[in-house]
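None of these values were measured; they are calculated from a predicted model.
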Protein chains: 2
Amino acid sequence: MDFKEAKNKFVQTWGALGSQWGINKTMAQIHALLMVSNEPVSMEDIMEELQISRGNASMNLRGLMDWGIVYKEFKAGERKEFFTAEKDLDELAVKISRERSKREIKPTLKILKEVSTIEASDLAEEKHFVDQTSKLYDFVLKADNMLDKMTEFNDNWLGKLFMKMMK
Amino acid sequence: MDFKEAKNKFVQTWGALGSQWGINKTMAQIHALLMVSNEPVSMEDIMEELQISRGNASMNLRGLMDWGIVYKEFKAGERKEFFTAEKDLDELAVKISRERSKREIKPTLKILKEVSTIEASDLAEEKHFVDQTSKLYDFVLKADNMLDKMTEFNDNWLGKLFMKMMK
DNA sequence: AATAAGTTTCAATTATTTTTGAAAGTTTAA
DNA sequence: TTAAACTTTCAAAAATAATTGAAACTTATT
């Protein structure tokens, strides 16, 4: 397998993985492309490499910047914009965790709290509902807090956590 | 908010969360419904409550059973099948983790290994590719191993992990 | 062994999500 | 201040994913 094939395979794989985790395939592919590029890439180049339209490239780059994992760069003497990805994997994971927590987990927790605190009648059905959703609330809250704690180790948190677990 | 509203809100919310994480909305809704039901539910009832077709119900129940988080039950004297969800949240999380690892992480690791072990020329571009994909391989492998270790604590792993982290 | 009760399958349809492309918008430089 | 270079926006189109429903299949009962 030569470089070109390998790069393509990586981009396709990352795109497919993204899809499976609820991330638009093109967004994941752009991210993959930038991750393995040693220097900033222009929108033109992204369009060319992935064979996508300008609008698609623009919107997905905006999305990646909103996640805080892709940055705009300006090259001296060049009018157009270039893009780079966060390449530090600890940092990447922290940012994705934080963002998913903010966008998805926190709002879900709010609703879990609402539904788990209704006044249940003495029907077994209703008691079970309150009991189960309360447990779910506790579980999700604990998991969310833990993710926060983990990523607070910041530098090499995965490695540090691994150490702690081994003890 | 009364019980019926709360239950509906929970089912909708769980469905929406599923979508965001790459799980078919109906599948997540069926799972939600079963999680908060204190007794086994028939396919008829699922169809009725979620207003979906028989085919849809059948396929998504099969999917949930493949994940190992929903079980078929038989009631004495009844011909038809009933379904229940895994209600223990530790167990639920373990099963989901294991399955996602098997279906998605492991195959990705295989490809990361392939692409990160190509013979790079001395071009900075190619060197960076090999370097970055190698790091990614290491990171994903470590994360996958850790998930495995975590869930090996089995009972109350989330709580136990939390303890360890605090020390 | 025929019928009834129930479940699964899958081609066709419907719904949802993504992508395109061209017009509108913005910024820089002459 | 105008024009060129480049980016963003968004309605329409295309692609993808989910859903339906009826026929085929399976299992239990008489």
Practice item. Return the value, rounded to whole Å, for the distance between atom CD of B/Q51 and atom C1' of D/dT19. Key: 14 Å
Study note, to complete from the structure: Side-chain atoms of B/M43 come closest, of D/dT7, C/dT19, C/dT8, to C/dT8
Review point. Given C/dT8, is OP1 or OP2 found less than 4.0 Å from the side-chain N or O atoms of B/K72?
Key: yes
Practice item. Check step by step if salt bridge (Lys or Arg N to Asp or Glu O under 4.0 Å) holds for A/K9 and B/E114. Key: CA-CA 9 Å; A/K9 193 163 193 177; B/E114 282 173 35; 2.7 Å; yes
Review point. Tell me: CG of A/L61 to P of D/dC6, nearest whole Å?
Key: 16 Å
Review point. With respect to B/W67, which candidate in B/H31, B/R103, B/E86 satisfies the side-chain contact (heavy atoms from CB on, under 4.5 Å) definition?
Key: B/R103
Study note, to complete from the structure: Closest to the side chain of B/R79, out of D/dA18, C/dG6, D/dT7, is C/dG6
**Study point:** A/R79, A/K80, A/R54 screened by salt bridge (charged side-chain N to carboxylate O under 4.0 Å, His left out) with A/E44, the one that passes
**Key:** A/R54
Revision key, fill the gap. Taking D/dA5, C/dT9, D/dT19 as options, the one with an atom nearest any side-chain atom of B/S58 is C/dT9
Check your understanding: Has the side chain of A/R54 got a donor or acceptor atom sitting under 3.5 Å from an opposite partner on the base of D/dT7?
Key -> no
Review point. According to a strict under-4.0 Å criterion, is A/T26 in side-chain N/O contact with OP1 or OP2 of C/dT19?
Key: yes
Point to revise | Steps toward side-chain contact (heavy atoms from CB on, under 4.5 Å) verdict (A/K25, A/Q29) | key: CA-CA 6 Å; A/K25 188 184 68 173; A/Q29 287 180 337; 4.1 Å; yes
Check your understanding: Between B/N24 (CG) and D/dT16 (P), how many Å, whole number?
Key -> 18 Å
Revision key, fill the gap. From CD1 of A/I23 across to C1' of D/dA17 the rounded distance in Å is 18 Å
Review point. Given D/dT8, C/dT8, D/dA18, which nucleotide is nearest the side-chain atoms of B/R62?
Key: C/dT8
**Study point:** Whole-Å distance separating the CE atom of A/M47 from the C1' atom of C/dA22
**Key:** 13 Å
Check your understanding: When the nearest nucleotide of DNA chain D is assigned to A/F82 and to A/K25 on a heavy-atom basis, which residue is associated with the more 5' position?
Key -> A/F82
Check your understanding: Roughly, in whole Å, what's the span from CE in B/M27 to C1' in D/dT19?
Key -> 13 Å
Point to revise | Which nucleotide in C/dT19, C/dA4, C/dT8 has an atom nearest any side-chain atom of A/N60 | key: C/dT19
Review point. Ion pair present between A/K142 and A/D138, side-chain N to carboxylate O less than 4.0 angstrom?
Key: no
Review point. Once you round it to whole Å, what is the distance between C1' of C/dT8 and CD1 of B/I52?
Key: 14 Å
Exercise for review: Specify the residue among A/N56 and A/K80 whose closest nucleotide of DNA chain D lies further upstream toward the 5′ end.
Suggested key: A/K80
Exercise for review: Please state how far atom CD in A/E44 lies from atom C1' in D/dT8, giving the value in whole angstrom units.
Suggested key: 14 Å
Study note, to complete from the structure: Of the listed D/dC10, C/dG21, D/dG21, the closest approach to the A/S53 side chain comes from C/dG21
